[in-house]
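Report on the following structure.
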Amino acid sequence: PARVHGDVVRTVPFDQLHLDDDSLKALRNAVRVFHATDGVHWTEVDIDAGGSNASMPSVLWTGTQFALRAPGPTGAQLWLSPDGVAWQQATLPAGTELMSFGALADGTLILAGRFNGEPAAYTSADGTAWSGVSLAAQLALDPTWRMQQWQLVTSPLGVSLLISAGQDP
């Protein structure tokens, strides 16, 4: 790390920063998972879910398990847990790192967003086998419009996908 004072840059060796293990964890941009049964007494779960500034992690309850989508060191990761303590890594379709994430009422996992520049949605009952569908025909955007943000909202009645789009000048 470097400190800047006016026009002078002073480099401080990492081992001279006097940081404890918890500070180092925060510095490495790691996803940290904590669990509590009472909302008061929290313990950290041992899970290597990576970390990144590219996208935020998201966790949800599917009705039978927790699902954590995290920005892993080499691409998005999916972790599943029946109790929030024991986690197993599952799989995500390649190229879906920045897609919105949710679960349908029956526990089916759903991803929606841009895949190779095109709008798409994926579903999986188990987090390993995924099926996808293009949403380009449903959106039917004029080519001068660009999709900017996606938000997936699930409920017992189904799923809604909100898309913010802007027109090119």
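- Contact between S81 and A86 at its shortest, heavy atoms only, is OG-O, 2.8 Å.
- For T62, the side-chain contact (heavy atoms from CB on, under 4.5 Å) test picks out L60, T64, Q65, A67, A103, L109, with sequence neighbours left out.
- Residues S124 and A129 share a closest heavy-atom pair of OG-O, 2.8 Å.
- Across all their heavy atoms, A112 and L152 have their closest contact at CB-CD1, 4.0 Å.
- If you take CD1 on I110 and CH2 on W130, they are separated by 9.0 Å, rounding to the nearest 0.5 Å.
- Within the 4.5 Å cutoff, the side chain of W87 has heavy atoms near those of the L68 side chain.
- In this view, T37 satisfies the side-chain hydrogen bond (donor to acceptor under 3.5 Å, both in side chains) rule with no residue, not counting sequence neighbours.
- The minimum heavy-atom distance linking L111 with P93 is given by the pair CD1-CD, 3.9 Å.
- Checked against side-chain contact (heavy atoms from CB on, under 4.5 Å), Q89 has the following partners two or more places apart in sequence or in another chain: Q77, W79.
- By the side-chain hydrogen bond (donor to acceptor under 3.5 Å, both in side chains) test, T43 pairs with no residue at all, sequence neighbours left out.
- Applying the ring pair (Phe, Tyr, Trp, His ring centres under 6.0 Å) criterion to W61, with sequence neighbours excluded, gives F66.
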Would you give me the side-chain donor-acceptor pairs under 3.5 Å for residues 131-140, sequence neighbours excluded?
unit_1, atom_1, unit_2, atom_2, d
S131, OG, T123, OG1, 3.4
S134, OG, A136, N, 3.2

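- Distance alone, capped at 3.5 Å, places no donor-acceptor pair between the T108 side chain and the A125 backbone.
- Looking at residues two or more places apart in sequence or on another chain, you find no side-chain hydrogen bond (donor to acceptor under 3.5 Å, both in side chains) involving T154.
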Distance-only check: which donor-acceptor pairs under 3.5 Å involve side-chain atoms of residues 158-167, not counting sequence neighbours?
unit_1, atom_1, unit_2, atom_2, d
Q167, NE2, T144, OG1, 3.2

